[in-house]
Amino acid sequence: MYTADEHQAWVHCILLSPVQVANNLMDMDQDPCKRLCFADGRRKVDYVLVYHYRKRSSVRGSPSQHRLSVISNGSYPLGVEGKDPEGGKDEPAEVVVDVGPPIPADGEKIMIREEFEGNLKDAGLEIERDKENKAHGHAFIRLHAPWQVLSREAEFLKIKVPTKKVRHSRLLHDEWARYGAFYKYQPVDLIRKYFGEKIGLYFAWLGVYTQLLIPASVVGIIVFFYGWATVETNIPSQEMCDEDQNFTMCPLCDRACDYWHLSTACGTARASHLFDNPATVFFAIFMSLWAVMFLEYWKRRQISLNYSWDLTGMEEEEVRSHTNTVTLRYSILTTPRKTETHACKFPLTGHEKLTWRDRLPGYLINISSILFMFGVTCSAVFSVIIYRITISALMAMSPDPEVKSNVRVTVTATAVIINLVVILILDEIYGMVAAWLTELEIPKTETDFEERLILKAFLLKFMNAYAPIFYVAFFKGRYAIPGEYVYVFNDYRMEECAPGGCLIELCIQLSIIMLGKQLIQNNIFEIGIPKLKKLCRTLKDKERAPKEIVEQPGRRQQWHLDYDLEPFDGLTPEYMEMIIQFGFVSLFVASFPLAPLFALLNNVIEIRLDAKKFVTELRRPEAIRAKDIGIWYNILSGLGKFSVIINAFVISFTSDFIPRLVYQYMFSETGTMHGFINHTLSYFNVSNFKPGTVPSISSLGKDITFCRYKDYREPPWSSEPYQFSKQYWSILAARLGFVILFQNLVITMSMLVAWVIPDMPKNISEQLKKEKTLLVDVFLNEEKEKLQLIQSLFSRDLTQEQQEELNVSDQTSLPLHQTQPGPHPPTSSPAPRTRPRAASFSQFTRQMSMSPRSDITQHTAV
């Protein structure tokens, strides 16, 4: 059950909400008050409550039925029996709705609702209800907050109440929620006024992120065009495309695959140079510094918004208001099943505390479930690997030469599409699993619940989105050595990288998954799924309601239209898709320099798409105050640091940047890149193939003695055949050295950038200093006035005491004859003097100096 304090907190929450309930845009020629006012046409609808009810067929007034009796507050035009026969005034009429509960939980909900509404009336809110003539349906309760109530609550909460009525929804639709306004800045202040600080901070963060993607996109385009301009002069690509070199490569699969010439992979080698060139290293360093600059710039922007939105002193208020509030509050109001489950076990009083024994089963289920989901993700990646291996073998057995020549491209493209579909499906499943696991932990506060949910959802979706990319970047082709192939299920040989290296396949994988998620999940799903849910909800309501229901005639009210909209599910999905995109932009940017450009194009559409969704497609969310983006900032910071490590390993172990440098400066006789391809290929004696793995049919003839494969190993005629050569160990040392150098260099430069850029803008820091100085001056002036008042009281007290002593001395010095008894003129006795309240301080300050100057000097020193 709700307590009185919690009801009062809900009243505060309602009064904090903006004073316009409509989210749908109304016709411009229609008077808003006709649809957003009470039935009297004067009192404005400030908030709408809705609940689902069902009325049993019973005799009116039956004592066995629980009835919800409400007062219409004179909102409806009553019949003749509802009017005063003398004055003709409308009397408050009673609208009785029989809601006999089929289960005890319904009766408990009715009691909770009645108590809640009673507290709303006690707080001064005015309530209007619908006349229910249906057996089932939704009941709408309109609330009106009089100006006196708003002023009282605003004074209590120390907030400003607008005195002018502004159509924020129409202004947001015209200036923000249109695709034609993509070039305009977002009206962040107006978004904050209409939706609250939490949603305003999200769109401000999205705007900063999109704005800073512009320089990253420009640099990425420059790097891409540098590779395109130098592809014709790239010596390794020329050697791979030279048919005179005649490098005969080992088969890509057992029996079905034939020997092949390296020159047939000329197109792959040229495409690989577009993304694997010396400029890629510079771009990786630039993007690591860009991530730091983005976080620092956002901190400055966030502090500016906190200052302009008056959120600087909100932290303590937020802690006090959420400390004793259980997170299950939201589930009780939204999900009946959760209400029945948790209402008796975990009441919202906050007096019962769960011990570690109570929470241990939930934590164990969480850990085991997350590990299981990780296993599901790895199984999905492994299944796609099996698909690639089998399809490659089947296409290699085809007699069509065109099919054989396109094996690698076809298999790679189809496998990536399958990966994308699996990722989209598992994303939806992992979101529901994360919410269920968080509920098992029973967090105390709403903030704690949200942070735990975000962390679990991020871990699961991060693993789901990046597992295929990690496999291609660091595991694919590492164990494909002739004579020592690794087999899966004793039949499927592990696949190899493309002749140009795994970086081009990593680029294809990253680009398709990134673009597919942005196009399908972020755009199509955001438009289509809400419309499908709305359609399903409408059909479900029609099937649930009896056929004999007759709807009320007339045009539907605005709150009915708003209730048909999709409910607001929070900002977690919006943040999550942008965080995953940030990972694509920062983690593997060394393999795909165009990632920032595609992210920028997506975000330009995403901002207007989210704006249109919030203004026209969703129910207006509750305004929530927040001073930062919460745990998302920590996740961004972690991704930025993790990207330094990932890019270092991608450049060192996935690309050929380090082998090219080592060859040019250590093993090349001419100091150029001539002979690099021959240097990277090792020899294998075909007679050392295991039985059953030699190509069954060879189009290159039977005189092949040696085939080549990409690795650094000793030739078969050496004393240690097929062992790692000294070139391998030299390159490995250079790779590890580059990783250490790259990480330390980037981290040092990142710390320097963070130190150079102050967190607080200079104008705000100066303004805060001025405010602090003025505050100190006001405090000192108040203390000075108090001290002067005390001194004046002390001086008055001293003067009165001296006067009394003087009067006594005058009386004792009178002549004796004047003191003899005799008739004296009557004298009026003085009235007793009232001692000032501040004079009591003189009992403890007798020895203090009575000089006002000295006292003021002492106080100022303190």
Would you say the rings of [Y] and [X] are close, in the sense that their centroids are separated by under 6.0 Å?
X      : Y      : answer
Phe684 : Phe689 : yes
Phe667 : Tyr663 : no
Phe475 : Tyr471 : no

Minimum heavy-atom distance between [X] and [Y], given as atom pair plus value:
X      : Y      : value
Arg388 : Ala415 : CG-CB, 3.5 Å
Leu420 : Gly516 : CD2-CA, 3.6 Å
Ala595 : Val585 : O-CG2, 4.2 Å
Val739 : Ser652 : CG2-OG, 3.3 Å
Val231 : His273 : CA-CD2, 3.5 Å
Leu745 : Ile285 : CD2-CD1, 4.4 Å

* Considering only NZ, NE, NH1 and NH2 on the basic side and carboxylate oxygens on the acidic side, decide whether Lys517 and Glu606 come within less than 4.0 Å. =>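 Here Lys517 does not pair with Glu606 in a salt bridge, since their nearest N and O are not under 4.0 Å apart.
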* **Asp242 side chain to Ser237 backbone, donor-acceptor under 3.5 Å** =>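 Here the side-chain-to-backbone pair does not exist.
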* Asked: Is there a donor-acceptor pair under 3.5 Å between the side chain of Glu239 and the backbone N or O of Gly675?
  ->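 Yes, Glu239 side chain to Gly675 backbone: donor-acceptor pair under 3.5 Å.
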Does a sphere of radius 6.0 Å around [atom1] in [X] hold more than 12 heavy atoms from other residues, nucleotides or ligands, not counting ones at 6.0 Å or beyond?
X      : atom1 : answer
Tyr297 : OH    : no
Phe225 : CZ    : no
Trp717 : CH2   : yes
Tyr363 : OH    : yes
Met293 : CE    : no

Between the side chains of [X] and [Y], is a donor N or O closer than 3.5 angstrom to an acceptor N or O?
X      : Y      : result
Ser682 : Tyr722 : no
Gln581 : Tyr209 : yes
Ser730 : Tyr712 : no
Gln727 : Ser725 : yes

Look at the rings of [X] and [Y] and say which category their plane angle falls in: under 30° parallel, 30 to 60° tilted, over 60° perpendicular.
X      : Y      : value
Phe462 : Tyr466 : tilted
Phe474 : Phe470 : tilted
Phe275 : Phe592 : tilted
Phe286 : Phe283 : parallel

* Of Glu714, Arg713, Arg708, which is the lone residue that meets side chain to side chain donor-acceptor pair (under 3.5 Å) with Tyr683? ->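 Exactly one candidate clears the test, Arg708.
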* Note, Leu252 side chain near Trp260 side chain (heavy atom, < 4.5 Å) ->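 Side-chain contact under 4.5 Å: yes.
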* Asked: Taking C-beta and beyond as the side chain, do Val589 and Val650 meet within less than 4.5 Å on heavy atoms?
  ->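 No, side chains not in contact.
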What distance do [X] atom [atom1] and [Y] atom [atom2] have between them, rounded to the nearest 0.5 Å?
X      : Y      : atom1 : atom2 : answer
Lys641 : Leu639 : NZ    : CG    : 10.5 Å
Ile386 : Ile391 : CD1   : CD1   : 12.0 Å
Asn419 : Leu426 : CG    : CG    : 10.5 Å

* Asked: What do the steps show when you test Thr377 against Tyr430 for side chain to side chain donor-acceptor pair (under 3.5 Å), and what is the final call?
  -> CA-CA 10 Å; Thr377 302; Tyr430 288 165; 2.7 Å; yes
* Check the pair Ser668, His674 against side chain to side chain donor-acceptor pair (under 3.5 Å), reporting the backbone distance first and the verdict last. => CA-CA 8 Å; Ser668 176; His674 290 284; over 6 Å; no
